[in-house]
Number of protein chains: 2
Amino acid sequence: MISDTNKTQSETIAVRIRTLILNGALRPGQPLRQEALSEQLSVSRTPLRHALQSLAEEGLVETIGYKGARVAELDRGMVDDLFEMRLVLEPLALRSALPQITKLDLARAEMALDAADSEEELSRLSALNWDFHHALYRPSNRQMLLRTIEQLNKASALAEVIASSIVVRPKKSASEHRKLLQACRNGDEAGAIAALGEHLQLAHHDIRTGKD
Amino acid sequence: MISDTNKTQSETIAVRIRTLILNGALRPGQPLRQEALSEQLSVSRTPLRHALQSLAEEGLVETIGYKGARVAELDRGMVDDLFEMRLVLEPLALRSALPQITKLDLARAEMALDAADSEEELSRLSALNWDFHHALYRPSNRQMLLRTIEQLNKASALAEVIASSIVVRPKKSASEHRKLLQACRNGDEAGAIAALGEHLQLAHHDIRTGKD
DNA sequence: AAAGTCGGTATTGGATACAATCATGATTTC
DNA sequence: GAAATCATGATTGTATCCAATACCGACTTT
């Protein structure tokens, strides 16, 4: 998607750490020592700190001044918040996008679903999950809305990891996604909105039950 | 509110830059040279870059790899997004907060309003504006929701600066705020929600018309 | 013996020096 | 003469070193 030419190390490092978190290698609550991480990832502490800050603003890690950074812990209330917000914002984006959606967008969404079917790694799975949703919302051309939704999706990905609901989710998620995609193809706005709402509520439910 | 003891310079610098932006000293689109800013604020470039990154994640500045940072420019579509999101999320927070709101919260909200009446500086005004809204939403104890709303409010503050609607807004805003506060005092949920919706729509309208 | 204080160590935040990247203008080539 | 290329300057990103702060244990004092 984005050219790798401007590979500012801070960003690549942020991606790698995000991967570690979403794969469960770094568990929620675990402290992130700068020196250890920097040598493990073979970079200086400077870009590492930038990456940690980025992830902090994303909500994946919590950082306290002079004390350090930890992988974020999301309690049930936070997860409820996340999905309640997604449940009102994402239909908004979808409704705005549908009239302007192109075959290319739909193809992109389908590609993400196909790739997800044969993907095992959790971080890539959640990335593909976002690719799918993003493909459907992007035609709305509403940057601010999409930005906020993206943040919520990333945080949701962490919630799924915490809930360990990823073992069962992908299969169910796939069929829900297909149904949503089909409705979009048919230009069935009401059906698409309904499918999206269902999908989000099911995901929320599975995360809640899988949690504790 | 928060103890100043942990005054990590990055944060204090971020506050100062945010102040400069919200006061109009740094206009949207204006490039932010690291070296110039660092010597102007009497700090090294290291904490300055952290501050810029924070502001970037907040949406007040845009940063492009290896090219630099600029004060963010918000077009009409972005402003529309901001207020559409606020219009659905803030009533959510208010409704959750009202049942648990205390006299202390109401007093805090009123303090913010009183202080705003005699405040001239734009950045402090927008800070007080957020203090007021925050006081009403905080009892909901919904961290994620509040976090998102706070981001949207900060971006809205920048939008007001761009629109230069601050000259007229405060007066109107004040009465709207008073009405909202009174409804909260009376435990009138429906009235409070309505007042909040009105307030947001009026603010949105004024920013749109004042813009271009 | 308990509580508070003082010092040592580990870890983070900041300053400076260096490398990588981008932009601008001159120069060369067709 | 126009376009492409290369070199030079400006600006950002990164590494290393130093300072500030927090954590922890021993010691003193009552």
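So you know, we letter chains A, B, ... as the sequences are listed, proteins then strands, and number each from 1. Quick caveat, the model's predicted, so the values are computed rather than measured.
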* **Spacing between B/L52 atom CG and D/dT12 atom P, to the nearest angstrom** => 9 Å
* Asked: Could you state the CD-P distance from B/Q53 to C/dG13, rounded to the nearest angstrom?
  -> 13 Å
* **B/K154 with B/E58: basic N within carboxylate O range, under 4.0 Å** => yes
* To the nearest angstrom, how far is A/E35 atom CD from C/dT9 atom P? -> 16 Å
* Asked: Just to confirm, is there a sub-4.0 Å distance from OP1 or OP2 of C/dA15 to any side-chain nitrogen or oxygen of B/R45?
  -> no
* Structure fact -> In whole angstroms, the gap separating C1' of D/dG13 from CG of A/L48 amounts to 15 Å
* Please work out if A/R33 contacts a base, only the sugar-phosphate, or nothing of the nucleic acid, heavy-atom cut-off 4.0 Å. => sugar-phosphate
* **5′-ward residue of the pair A/G68/A/T46 relative to DNA chain C** => A/G68
* To do: May I have the distance from A/L41 (atom CG) to D/dA15 (atom C1'), rounded to whole angstrom?
  => 16 Å
* **No-H, no-angle donor-acceptor pair, A/T8 side chain to D/dT12 base, under 3.5 Å** => no
* How is A/L32 classified with respect to the nucleic acid when contacts are heavy atoms under 4.0 Å: base, sugar-phosphate, or nothing? -> sugar-phosphate
* To do: Nearest whole angstrom, please: distance from the P of D/dA20 to the CD1 of A/I64.
  => 23 Å
* Between A/N23 and A/E121, does any side-chain donor sit less than 3.5 Å from a side-chain acceptor? -> yes
* To do: Could you tell me the separation between the NZ atom of A/K7 and the C1' atom of D/dT12, rounded to a whole number of Å?
  => 16 Å
* Under 30°, 30 to 60°, or over 60°: which ring-plane class applies to B/H50 and A/H50, parallel, tilted or perpendicular? -> tilted
* Between A/Q34 and C/dG13, does any side-chain N or O lie under 4.0 Å from OP1 or OP2? -> yes
Show every donor-acceptor pair shorter than 3.5 Å between a side-chain atom in residues 29-37 of chain A and any protein atom, with sequence neighbours excluded, or say none if there are none.
unit_1 : atom_1 : unit_2 : atom_2 : d
A/Q30  : OE1    : A/R27  : N      : 3.2
A/Q34  : OE1    : A/R45  : NE     : 3.1
A/Q34  : OE1    : A/R45  : NH2    : 3.1

* Asked: Is a salt bridge present between A/D117 and A/R178, judged by a nitrogen-to-oxygen distance below 4.0 Å?
  -> yes
* When all nucleic acid strands are considered with a 4.0 Å heavy-atom cut-off, which category describes B/I13: base, sugar-phosphate, or nothing? -> nothing
* Measure from the side chain of B/P47, starting at C-beta and using heavy atoms only, and say which of D/dT12, D/dA15, C/dG14 lies closest. => C/dG14
* Asked: Rounded to the nearest Å, what distance is computed from the CD atom of residue A/E11 to the P atom of nucleotide C/dT21?
  -> 13 Å
* Considering only D/dG13, C/dG14, C/dT16, which nucleotide approaches the side chain of B/Y66 most closely? -> D/dG13
* Taking only N and O in the side chain of A/Q9, is any of them less than 4.0 Å away from OP1 or OP2 of C/dA20? -> no
